Amino acid sequence: MNPFTEIVIQIIQKIPAGKVMTYGQISKLAGNPRAARQVARILHSMSRKHDLPWHRVINAKGQIAMKDNETRLEQKLRLEDEGIKVSGSGRIDLEIYQQPINSDTWEI
DNA sequence: TTAGTGACAGGCA
DNA sequence: CTGCCTGCCACTA
């Protein structure tokens, strides 16, 4: 497994419940600012075997970027279950729920 | 091998 | 606020 993938997985596992991060944040923390799409791919392929909180990862517009309606609904329900308010169209207030990368908990 | 396609981001209209 | 365009890279047909 390449180091980028490992770091991405560790970052996602550190996202606290009730908070979210964007793909861009994660890719930047992992050392590849332009690899947001690969983060998404890692999530899709690794979320099951690594038990990742994939639902806490959203796009830069603060929305659920799902194409599949079932998965989109599941993510919405999981987020609301953690106290995150999700708008009808799947929007989330990043000002409130986004986990800042400058926090002391991020010693990557 | 080339072309199409995303769990995306950022700039611009 | 929304939509379109370009860059990015792994995967698939």
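Quick caveat, the model's predicted, so the values are computed rather than measured. First the proteins, then the strands, lettered A, B, ... as listed; each starts at 1.
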Nearest-neighbour nucleotide for the A:N59 side chain, B:dA7, B:dA9, C:dT2 considered
B:dA9
In terms of side-chain heavy atoms of A:R91, which of B:dA9, C:dT2, B:dA7 is nearest?
C:dT2
If I take atom [atom1] in residue [X] and atom [atom2] in nucleotide [N], what distance separates them, rounded to the nearest angstrom?
| X | N | atom1 | atom2 | answer |
| --- | --- | --- | --- | --- |
| A:M66 | B:dG6 | CE | C1' | 11 Å |
| A:Q63 | B:dG6 | CD | C1' | 17 Å |
| A:I58 | B:dG6 | CD1 | P | 21 Å |
| A:L29 | B:dA9 | CG | P | 14 Å |
| A:F4 | C:dC8 | CZ | P | 15 Å |

Look at the side chain of A:K19 and the backbone N and O of A:I96, then say whether any donor-acceptor pair between them is shorter than 3.5 Å.
yes
Under 3.5 Å donor-acceptor, A:Q75 side chain and A:I58 backbone:
no
Grab the two heavy atoms, one from A:P33 and one from A:S27, that are nearest each other, plus how far apart they are.
O-OG, 3.5 Å
Closest approach of A:I11 and A:A30, non-hydrogen atoms and distance?
CD1-N, 4.0 Å
Worked verdict on A:I9 versus A:E6 for side chain to side chain contact (heavy atoms under 4.5 Å, CB included):
CA-CA 5 Å; A:I9 291 176; A:E6 282 188 40; 5.9 Å; no
Compare all side-chain heavy atoms of [X] with those of [Y] and state whether any distance is below 4.5 angstrom.
| X | Y | value |
| --- | --- | --- |
| A:L52 | A:Q13 | yes |
| A:I12 | A:W54 | no |
| A:D93 | A:K85 | no |

Within residues 35-45 of chain A, which residues have any heavy atom lying less than 4.0 Å from an atom of DNA chain B?
A:A36, A:R37, A:A40, A:R41, A:L43, A:H44
So how far is it from A:I42 CD1 to A:R37 CZ, rounded to the nearest 0.5 Å?
14.0 Å
Could you go through the salt bridge (charged side-chain N to carboxylate O under 4.0 Å, His left out) check for A:E82 and A:R78 one step at a time?
CA-CA 7 Å; A:E82 297 181 350; A:R78 283 180 184 242; over 6 Å; no
Starting at the 5' end of DNA chain B and moving along, which residue's nearest nucleotide shows up first, A:Q75 or A:K28?
A:Q75
Any base atoms under 4.0 Å from A:R56, or only sugar-phosphate, or nothing? Heavy atoms, all strands.
nothing
Considering every strand and a 4.0 Å limit on heavy-atom distances, what is the contact class for A:S47: base, sugar-phosphate, or nothing?
base
Do we see A:Y23 stacking on the base of B:dA9, given a limit of 5.5 Å between centres and 30° between planes?
no
Do A:V39 and A:I101 sit in the same hydrophobic cluster, where Ile, Leu, Val, Met, Phe, Trp and Tyr count as joined when their side-chain heavy atoms come under 4.5 Å apart?
yes
Set out, line by line, the N/O atom pairs under 3.5 Å between protein and nucleotides 11-13 of chain B.
none

DNA chain C: stems of at least 3 consecutive Watson-Crick or G-U pairs whose donor-acceptor distances fall under 3.5 Å
B:2-6 with C:9-13, B:8-13 with C:2-7
